[in-house]
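Read through the structure below, which is laid out as structure tokens, and then see the notes.
Index from 1, following the sequence. Predicted, not measured: the structure shown is a model, and the values here were computed from it.
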Amino acid sequence: MRRKGLAIMAAQTVATSVDLGPATGLSCRECGTRFELGPIFACAECFGPLEVAYELPTGDPEALRAAIEAGPNNIWRYAPLLPVPADVAAKPSLNPGFTKLVDAANLAKELGVTGKLYVKDDSGNPTHSFKDRVVAIAVEAARAFGFTTLSCSSTGNLAGAVGAAAARAGFRSCVFIPHDLEQGKVVMAGVYGGDLVGIEGNYDDVNRFCSELIGDPLGEGWGFVNVNLRPYYGEGSKTLAYEICEQLGWQLPDQIVIPIASGSQLTKIDKGLQELIRLGLVEDKPYKIFGAQAEGCSPVSTAFKAGHDVVRPQKPNTIAKSLAIGNPADGPYVLDIARRTGGFVEDVTDEQVVEAIKILAQTEGIFAETAGGVTVGVTKKLIENGQLDPALTTVVLNTGDGLKTLEAVAADSGQTATIRPSLDAFRAAGLA
């Protein structure tokens with residue numbers, strides 16, 4: 001009953017006339033019921049998740065490709081495919097996106113990859129994680145629906161992205177995090193001047209609290225980017241798919257390895273790839289999507305390997321805190337996509353995460369946070385187990401900067417030696 005009340009409450013606040021570009025409404029992923037655009041996150045009929053429905057551009061794919069390529073070097077080049085107004089690039093924004101697709105030849109050699117291996121390095125975003133993409137889209141929805149406060153439940157990266165985007169766009173921010181996050185993420189989330197509230201418990205406890213706040217008068221005028229604005233927020237992850245394909249010369253990769261927290265990023269990357277195919281922007285061909293989790297929070301990989309369709313919640317216990325969502329909302333849809341594309345969902349230990357962070361840093365000069373260690377570690381494991389074809393073109397996602405999770409590698413990544421400022425001391429240290 002509580003959940004139905006939230007859905008009805010949200011439906012009563014639907015805006016009847018908003019400009020979100022090609023977005024025409026919301027559609028339930030389970031039963032297909034349509035709703036007008038508004039801050040709705042659950043279907044009032046079956047409680048299924050809602051996602052944005054579009055009237056996407058039709059016509060000459062070459063003309064659309066040319067228009068995209070002539071756009072700004074950020075996610076707004078894809079505005080015709082996103083739930084944002086046409087003039088979005090003129091609004092105050094952090095303008096995330098169009099991050100590097102690194103040709104990772106050194107990492108390929110280390111992992112035994114004989115085809116092309118790329119790292120999509122989203123640590124180059126304004127707050128150094130992919131969360132800037134999803135928040136940028138949510139900000140436009142918050143503007144359209146007249147919200148005055150931006151909020152979220154977060155495992156760290158999202159808190160910083162919301163704080164920064166709110167400061168830039170002129171919103172108040174109040175974000176909620178588990179009380180025991182990595183210190184780097186706490187500082188980065190707090191520096192933007194908004195309210196940062198630690199909740200005693202894990203991410204799932206934080207998320208439940210935010211759902212309660214939405215249904216209370218205290219939450220009036222608040223846009224929770226990953227709750228009541230979630231359908232719009234999730235669409236930001238599609239831009240990863242768009243960029244990867246554009247940067248590959250408008251081609252689909254053969255294989256993609258994606259970290260799983262809630263699972264939304266993986267499902268929306270698949271949605272983005274399917275849209276590019278339907279629009280004729282890329283040639284249709286098979287591709288495989290692989291999901292990556294840490295062993296200490298691996299509800300989706302556990303379900304996948306057991307052949308289950310239901311994802312059973314787990315209590316997180318891993319250094320990969322940005323992926324530590326024990327009850328992932330999009331878990332069942334991840335299973336469907338991995339199975340449909342012929343991919344796999346795998347997990348690695350914390351020790352393997354740390355090893356993978358070092359491998360990526362020492363081969364490509366990319367310092368990944370723990371989530372990036374998960375994707376590289378899972379890629380290594382998939383190759384060793386014969387589940388990922390090393391001869392095909394593969395893209396691995398790094399979703400954040402290692403400076404946010406220094407604790408993971410600090411113990412054995414310090415000074416090689418401490419010496420007096422003399423050549424004799426340098427020789428004596430055996431470093432010459």
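- With Ser301 contributing its side chain and Glu346 its backbone, the two residues share no donor-acceptor pair below 3.5 Å.
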Requested in this report: Go through Lys271 and Glu235 one step at a time and tell me if the salt bridge (Lys or Arg N to Asp or Glu O under 4.0 Å) criterion holds.
Outcome: CA-CA 9 Å; Lys271 182 180 180 181; Glu235 295 295 283; 3.1 Å; yes

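- Arg230 has no carboxylate O lying under 4.0 Å from a charged side-chain N of Glu51, or vice versa, which leaves the two without a salt bridge.
- Salt-bridge annotation for Glu355 and Lys358: absent, with no side-chain N of the basic residue lying under 4.0 Å from a carboxylate O of the acidic one.
- The structure places CG of Leu82 at 12.0 Å from CZ of Arg77, a figure rounded to the nearest 0.5 Å.
- For the residue pair Lys120 and Gln247, a side-chain donor N or O sits within less than 3.5 Å of a side-chain acceptor on the partner.
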Report task. Under the salt bridge (Lys or Arg N to Asp or Glu O under 4.0 Å) rule, what do Lys288 and Asp389 come out as? Steps first, then yes or no, please. Result -> CA-CA 10 Å; Lys288 294 182 179 182; Asp389 190 338; over 6 Å; no

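- Without hydrogens or angle criteria, Lys380 side chain to Gln352 main chain gives no donor-acceptor distance under 3.5 Å.
- Considering CG of Leu117 and CD of Gln255, their distance stands at 10.0 Å, rounded to 0.5 Å.
- Using a 3.5 Å distance cut-off with no hydrogens or angles, the side chains of Thr318 and Asp350 do pair a donor with an acceptor.
- The shortest distance between side-chain heavy atoms of Tyr287 and Val282 does not fall below 4.5 Å.
- Tyr232 places a side-chain N or O within donor-acceptor distance of the main-chain N or O of Gly38, the cut-off being under 3.5 Å.
- Formation of a donor-acceptor pair under 3.5 Å by the Lys116 side chain with backbone atoms of Asp103 is not found in this model.
- In summary, Glu384 and Lys381 do not engage in a salt bridge, as defined by a charged side-chain N under 4.0 Å from a carboxylate O.
- Under a 3.5 Å cut-off, the side chain of Gln387 and the backbone N or O of Phe344 do not form any donor-acceptor pair.
- Ion pairing between Glu407 and Lys321 fails under the 4.0 Å rule for side-chain N and carboxylate O.
- Between the side chain of Asp204 and the backbone N or O of Gly326 there is at least one donor-acceptor pair closer than 3.5 Å.
- Salt-bridge check for Lys404 with Glu369: failed, with every basic side-chain N at 4.0 Å or more from each acidic carboxylate O.
- Ring-plane geometry between Phe176 and Phe224 is classed as parallel, the angle between the planes falling under 30 degrees on a 0 to 90 degree scale with a further cut at 60.
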